[in-house]
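The first residue of the sequence shown is numbered 1, and numbering continues consecutively from there.
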Amino acid sequence: MLGITIDNKLTWTAHINTLYDRTLFLTSNFNRIIKTDWSVNKNLIKFWYNTVIEKALLYGANVWGGALNKYHVDRLHTIQRIFLLKFARGYRTTSTNVLNVLTGIPPLHIAAKAEFLKFQIWVRRSGDYNDIINNVQLDYNILIKNIPSDMKLVSLSEHLPDATYEVYTDGSKINEETGLDVCILKDNDNTQNFLFKLKPYNSVFQAELAAIQFAANWAVSENSKINLYTDSLSSILALQSASSRSNFVNKAKTDLFKAKNLVGLSWVKAHVGIQGNELADQQAKLATTTGEELLIPAPRSYLNRTLKQLILHEWCGYWNKYTSASGIRVRGFLDTVSPNFLIYNKILIYFLSGHGPFPFYLHRFKRVNSPLCTCGLVGDADHYVFDCSLTREFHLIKPTEASKKLWFKNLMSNKQAIGKMTNSFKISNDICDSLTRDSP
């Protein structure tokens, strides 16, 4: 397989080993930027990782991501660590698990497993993993080359001058409930409303497009010409696109193609006082609770959301099993893992991990003779932030065990407090320098 390395034992060890060199290549440009400009937005760098580096490393994970052993997991940790250290700017001894949490980047082996599951569920349609999606029926892709060219895209007239009815459609999602409405107007009188309730996993786009599809089928069943108005530009663009592979979208195209002589379709701006559109909006909201049940296959976005939740669940379990001193310390200040979490300041990383310019830390690696500060007490991160007599003017109020998480949450947005911590660590760094010079 192109880009995949398989050894003579038909395992993925050889392929995963090749990822190390690929990581060094992918991060080379990143290293140059970081060295020249530390002010680069960290969210931008994280986006770069998620969209470029991780995608490249996970190439083929839909095949190898489901067959990882402990060696593979450890190797993937080593590979991901190269980027995490450069990104977080933490000490080189900071554990990979801690770096994952502080940067909001899930472990690579968990992301690889999610890619494998996506392939099995979406592409192969394997029933072995239906429990992950709660046995929900999914939409699927079709081969668009088999669709007649004149049906690949549907472009209807915007207005039929001899239409009997004006029809307004809308979709809505409120409190995770989805609904759609089709309002039939004749001579500005609302003659009929069709309200349908979808499943929570259905999207607003699906509701909007299903409403347009229903209105077109209604016109065919009544053999009446209609002018159809929607505020969903995305639905109109989907109908006019020849590249959509969604079976749901292409079924809607087929129905509108059959009704092309009976339907005029145009977009209207939402919430600008158009009577029919405002009525459809109100009825669509009502449909989320009182509409007739309508089953539409779940979109691919539902599978993506489900796999993101699975990643978070597995990452949380993996993190909670990590029992090193730094892991226990970080858990004391942070509620849980989150892909949306990102610590911008390396000072906070020093504080949370305990890996920084502290005698207690340096003594572990035999860089200084004693873990004690020059004041006589154990020189760890907490000592310099809360207790040391040498950093008294920069002390922060020490939180109780019960309030640690709230304290740190507030600290992250408190520039004055972070400034004090920075000054405390400058002093601790000077102390470490003096202790290092005194070591034999």
Side-chain angles (χ1 to χ4, degrees), residues 40-55 57-58 61 65 73 76-77 79-90 94-115 117-118 132-133 175-176 200-201 301-355 381 399 401-415 417-418 421:
V40 176
N41 187 294
K42 278 203 168 186
N43 282 310
L44 181 61
I45 299 174
K46 186 174 178 178
F47 179 77
W48 181 5
Y49 171 83
N50 288 330
T51 57
V52 178
I53 295 179
E54 185 177 84
K55 295 297 182 185
L57 295 177
L58 293 182
V73 171
L76 288 173
H77 270 224
I79 291 166
Q80 190 180 41
R81 180 179 179 79
I82 297 170
F83 175 83
L84 294 177
L85 280 172
K86 295 291 184 181
F87 182 30
R89 294 189 293 158
T94 308
S95 77
T96 307
N97 282 310
V98 168
L99 290 171
N100 283 129
V101 173
L102 300 188
T103 58
I105 296 176
L108 200 56
H109 73 279
I110 295 177
K113 180 181 178 181
E115 288 296 313
L117 291 173
K118 183 189 294 186
I132 293 175
I133 56 172
N175 298 325
E176 298 303 313
Y201 52 70
S301 59
Y302 165 73
L303 173 61
N304 292 337
R305 289 195 305 271
T306 301
L307 290 178
K308 285 181 180 179
Q309 292 170 358
L310 179 68
I311 288 174
L312 191 60
H313 176 75
E314 295 214 354
W315 183 14
C316 188
Y318 187 72
W319 166 241
N320 287 333
K321 291 178 182 177
Y322 183 62
T323 56
S324 75
S326 59
I328 293 171
R329 176 175 173 80
V330 172
R331 279 196 295 274
F333 289 97
L334 298 180
D335 275 326
T336 185
V337 300
S338 171
N340 298 321
F341 188 74
L342 175 60
I343 289 185
Y344 296 86
N345 196 307
K346 67 177 182 179
I347 297 300
L348 295 180
I349 293 178
Y350 294 166
F351 173 77
L352 275 180
S353 66
H355 290 224
E401 283 296 323
S403 63
K404 274 186 174 182
K405 292 174 182 177
L406 179 60
W407 177 85
F408 187 77
K409 182 179 179 181
N410 293 331
L411 173 67
M412 287 181 62
S413 58
N414 189 330
K415 292 183 179 180
I418 293 175
M421 187 178 288

Requested in this report: Hey, could you give me each pair passing side chain to side chain donor-acceptor pair (under 3.5 Å) that has a residue in residues 332-354? Not counting sequence neighbours.
Outcome: N43-Y344
Requested in this report: Find out whether N304 and K118 are in side-chain contact, i.e. whether some heavy atom of one side chain is under 4.5 Å from a heavy atom of the other.
Outcome: yes
Query raised in the report: Do R331 side-chain atoms and Y322 backbone N/O form a donor-acceptor pair below 3.5 Å?
Result: yes
Query raised in the report: What is the distance from atom CD1 of I45 to atom CG of N50, rounded to the nearest 0.5 Å?
Result: 12.0 Å
Query raised in the report: About how many Å separate CG of N414 and CE of M421, when rounded to the nearest 0.5 Å?
Result: 10.0 Å
Report summary line: Value for OG1 (T306) from NZ (K308), rounded to nearest 0.5 Å, stands at 11.0 Å
Query - Any R89 side-chain heavy atom under 4.5 Å of I349 side chain - result: no
Query raised in the report: Of all residues at least two apart in sequence or in a different chain, which pass the ring-ring contact (aromatic ring centres under 6.0 Å, His included) check with Y318?
Result: H77, H109
Query raised in the report: If you look at every heavy atom in A111 and E54, which pair is closest and at what distance?
Result: CB-OE2, 4.1 Å
Report summary line: Heavy atoms of V101 and F341 approach each other most closely as O-CD2, 3.4 Å
Query raised in the report: Checking E115 side chain against K55 main chain: does a donor-acceptor pair fall under 3.5 Å?
Result: no
Requested in this report: Assess K46 against F87: is NZ or CZ under 6.0 Å from the centre of the six-membered ring, and within 45 degrees of the ring's axis?
Outcome: no
Query raised in the report: With L84, which of L102, I105, L108 fulfils side chain to side chain contact (heavy atoms under 4.5 Å, CB included)?
Result: I105
Query raised in the report: When rounded to the nearest 0.5 angstrom, what distance separates CD1 in I82 from CD in Q80?
Result: 10.5 Å
**Report entry** Smallest separation among heavy atoms of M412 and I343, with atom names
**Finding:** CE-CG1, 4.2 Å
Report task. With sequence neighbours excluded, tell me which residues meet salt bridge (charged side-chain N to carboxylate O under 4.0 Å, His left out) with E314. Result -> K113
Query raised in the report: So do F333 and L411 actually touch side chain to side chain, heavy atoms under 4.5 Å?
Result: no
Query - Heavy-atom side-chain proximity of L312 to P339 below 4.5 angstrom - result: yes
Requested in this report: In sequence, state the C-alpha distance, the side-chain angles, and the governing distance for L99 and R81, and then conclude on side chain to side chain contact (heavy atoms under 4.5 Å, CB included).
Outcome: CA-CA 8 Å; L99 290 171; R81 180 179 179 79; 4.1 Å; yes
Query raised in the report: Between S95 and V98, is there a donor-acceptor pair closer than 3.5 Å when you use the side chain of the first and the backbone of the second?
Result: yes
Query raised in the report: For L307 and I132, which heavy atoms make the closest approach, and how far apart are they?
Result: CD2-CG2, 4.5 Å
**Report entry** Atom of W315, atom of N100 and distance for their closest heavy-atom approach
**Finding:** CZ2-O, 3.4 Å
Query raised in the report: Is the closest side-chain heavy-atom distance between Y201 and I133 below 4.5 Å?
Result: no
